[in-house]
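Working notes for the structure below.
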Number of protein chains: 2
Amino acid sequence: MTHPLRKHIEEIIHLTDEEFEFILSHFEQIKKRKHQYLVQEGDIVKKEFWIIKGCLKSSFIDNEGKEHILQFGMENWWITDYESFVNQTASKISIDCIEDSELLYITAENRDALTAKMHKMERFWAKKSKYGRIALQNRVLSLLQNSAKERYDVLLNQYPQLFQRVPKKMIAAYLGVSRETLSRLNS
Amino acid sequence: MTHPLRKHIEEIIHLTDEEFEFILSHFEQIKKRKHQYLVQEGDIVKKEFWIIKGCLKSSFIDNEGKEHILQFGMENWWITDYESFVNQTASKISIDCIEDSELLYITAENRDALTAKMHKMERFWAKKSKYGRIALQNRVLSLLQNSAKERYDVLLNQYPQLFQRVPKKMIAAYLGVSRETLSRLNS
DNA sequence: CTTAAAATGTGATCTACATCACTTTAAAAC
DNA sequence: GTTTTAAAGTGATGTAGATCACATTTTAAG
C-alpha cells in the first residue's frame with residue numbers, strides 16, 4: 001500500500017519509488033496525544049508538520065482571554081506557524097492536538113537540502129504555498145462579506161467531518177462568532 | 001539611477017547588471033488612467049503586475065452591490081488576482097486604478113521562462129509568496145480579533161500615506177465597516 | 001460506578017455597527 | 001466659472017451578534 005504522503009505529493013508531481021524514499025528520509029515521525037502542543041506561543045518554529053492521522057488546531061488567545069482559531073488540520077494537511085517558520089520570529093500562536101495524532105515533520109534545513117537535491121520538490125512547495133494563500137484570501141473575503149450564518153453554512157458544506165470531530169466552541173472560534181450565537185445558528 | 005524594480009528584487013537576491021537586464025526583458029510596461037481596469041470580474045488573469053507608480057485596488061462586488069476590497073497596491077507592490085492567475089479560472093474580483101498608474105507586468109509563461117533560465121528568481125518568488133501569505137494570515141487574525149476602531153488604527157499606523165491617497169469609503173470597504181461607521185471612528 | 005469537568009443549549013439583555021435619510025463639502029467635468 | 005458628481009459628515013433608528021447567567025447533557029477522570 002502506497003504511503004499516504006506519497007499519494008499526497010503525487011497529486012502534484014510524479015515520483016519514482018527511490019525518489020519517494022529519498023523524500024521520506026528527510027522527515028521524522030512523531031505521535032502526540034490530545035491536548036499536547038506542537039507549538040507554543042513564543043516558540044521559534046523549526047518544523048513544518050504533515051498530519052498522518054488526527055486533528056489539530058492553530059490558534060491564539062487574545063488579551064481578553066478569547067481563543068481565535070486560524071486553522072484546523074486533519075489527515076493529509078500541512079500545519080505550522082508560517083510566520084514564525086519563515087521569519088524565525090517568536091510565534092504568536094499555538095498548535096495543539098484536538099485528537100491523538102500522528103505526524104511527520106520536516107525542518108527548514110532538511111527541506112532546503114531536499115529541494116536542492118531534488119529540484120522538482122520546488123514545484124510541489126510552490127503549489128502548496130499558492131493554494132494556502134488562495135484559501136486565506138477566500139477566508140478574508142468571506143469574513144468581509146458573509147454573515148455568521150453564511151460562514152457557518154459554507155464551512156459545514158466544505159468540511160462536514162469537522163463538525164463531528166471538534167467541539168462547537170472551536171468552530172465558533174474559527175468562524176469568529178461566540179459559541180452562544182453558533183449554537184443558535186442551526187435553528 | 002538604479003531601476004526601482006532592481007532595488008525591489010535586490011532586497012531579496014543580488015543581481016548583476018546583465019541579470020537585471022535579462023529579468024527586465026521579460027516584463028512589459030503599461031500606463032493606465034484612473035478608473036481604468038487591469039482585471040475585470042470574469043477575466044482569466046494572465047499577468048502579474050508590479051506597480052511603478054500609482055495606486056490600485058483589487059475588489060469585488062457582492063450580490064447586495066457592496067464593494068469589498070481585498071488589497072490596495074502602491075509603488076513597489078505586486079498586484080494580481082492570484083486565484084485566477086494560478087488556477088486559470090474566471091476571476092471573482094476586479095483590479096482598477098485609484099490614480100493614474102504606471103505598471104510593469106509579467107505573464108506566467110515569461111515568469112516560468114525567466115525562472116527556468118535564472119534559478120535564483122525561484123527564491124525571490126517563493127519569498128514574496130510567503131510574505132503575501134503571512135500578511136493575509138495576519139489580516140484574518142485581525143478580522144477575528146479586533147474591533148472596527150482597532151483595525152482602523154492598525155491600518156492608519158501601518159500605511160498613513162494610504163489615507164491621503166484613497167477615499168475613505170474604500171478604506172471602509174477594506175476594513176469591513178460601513179463608511180458611516182468609519183466616519184465616526186475618528187471622534 | 002461516581003464525581004468532576006467540559007460542552008452545549010437557551011433566555012434576557014446589551015452594544016457595536018449597519019442602514020436610512022439628509023446635509024455639507026470637495027472634486028471632476030463641461 | 002458653473003454644473004454635475006462623488007465624498008464625507010451626522011442624526012435617528014434598527015439589528016446581528018455579544019455578553020451574562022444559569023440549566024442540561026456529555027465526556028473524562030479518579
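As a basis for the values below, the full set of heavy atoms in this structure was taken, side chains included, without hydrogen atoms, waters or symmetry mates. Order of the sequence lines fixes the chain letters, A, B, ..., with proteins taken first and strands second; residue numbering starts at 1 for each chain.
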Q: Would you indicate, yes or no, if D/dA28 has its OP1 or OP2 atom less than 4.0 angstrom from a side-chain nitrogen or oxygen of A/K34?
A: yes
Q | Gap between atoms CG and P, on B/L175 and C/dA16 respectively (whole Å) | A | 18 Å
Q) Just how far, in rounded Å, is C1' of D/dT5 from NZ of B/K169? A) 11 Å
(Q) The side chain of A/R184 is closest to which nucleotide in this list: D/dT10, C/dC17, D/dT19? (A) D/dT19
Q) Do any N or O atoms from the side chain of A/E75 and from the backbone of A/G54 form a donor-acceptor pair under 3.5 angstrom? A) yes
Q | Interatomic distance where CD belongs to B/E180 and C1' belongs to C/dA16 [whole Å] | A | 14 Å
(Q) For a quick test of reading the model: is some side-chain N or O of A/S178 closer than 4.0 Å to OP1 or OP2 of D/dA18? (A) yes
(Q) Using a 6.0 Å distance limit plus a 45 degree cone around the ring axis, check whether A/R139 lies over the aromatic ring of A/Y174. (A) yes
Q: Ignoring backbone atoms, establish whether B/T181 has a side-chain N or O less than 4.0 Å from OP1 or OP2 of C/dA18.
A: yes
Q: Find out whether A/V166 and A/K57 are in side-chain contact, i.e. whether some heavy atom of one side chain is under 4.5 Å from a heavy atom of the other.
A: no
Q.
Could you report the tightest heavy-atom contact between A/F22 and A/S25, atom names first, then the distance?
A. O-OG, 2.6 Å
Q) To the nearest 10 degrees, what angle separates the axes at the start and end of the helix from C/dC1-D/dG30 to C/dC30-D/dG1, five pairs each? A) 60°
Q: Measure from the side chain of A/S183, starting at C-beta and using heavy atoms only, and say which of D/dT19, C/dT10, D/dT10 lies closest.
A: C/dT10
**Q.** For atom CG of B/L182 and atom C1' of D/dG9, their distance in whole Å
**A.** 11 Å
(Q) Distance check needed: C/dA28 C1' versus B/R33 CZ, whole Å only. (A) 12 Å
Q. Quick one: the side chain of B/R179 and the base of D/dA8, do they pair up donor-acceptor inside 3.5 Å?
A. yes
Q) Can a donor-acceptor pair be found between the side chains of A/K92 and B/N138 at a distance below 3.5 Å? A) yes
Q. Whole Å only: how far is the CD1 atom of B/I171 from the P atom of D/dA7?
A. 13 Å
**Q.** d(CD, B/E67; P, C/dA18) in whole Å
**A.** 16 Å
Q.
Of the options C/dT19, C/dT8, C/dC17, whose atoms approach the side-chain atoms of B/A148 most closely?
A. C/dC17
Q. With respect to the side chain of A/K168, which nucleotide from C/dG9, D/dG11, C/dA12 is positioned closest?
A. C/dG9
Q.
Without decimals, in angstroms, what is the distance between B/N146 CG and C/dA16 P?
A. 15 Å
Q: Please determine if B/E48 and A/K130 form a salt bridge, counting it only when a charged side-chain N lies under 4.0 Å from a carboxylate O.
A: no
Q. Reckon B/K149 has a side-chain N or O less than 4.0 Å from the OP1 or OP2 of C/dC17?
A. no
Q: Could you say whether B/R151 or A/M170 is positioned toward the 5' end of DNA chain C, judged by the nucleotide with the nearest heavy atom to each?
A: A/M170
Q. What are the two closest heavy atoms between B/R111 and B/F85, and how far apart are they?
A. NH1-CE2, 4.4 Å
Q.
Could you check whether any side-chain N or O of B/K53 sits under 3.5 Å from a backbone N or O of B/E102, counting only pairs where one atom can act as donor and the other as acceptor?
A. no
(Q) Please determine whether a side-chain nitrogen or oxygen atom of A/K66 lies at a distance below 4.0 Å from atom OP1 or OP2 of D/dA18. (A) no
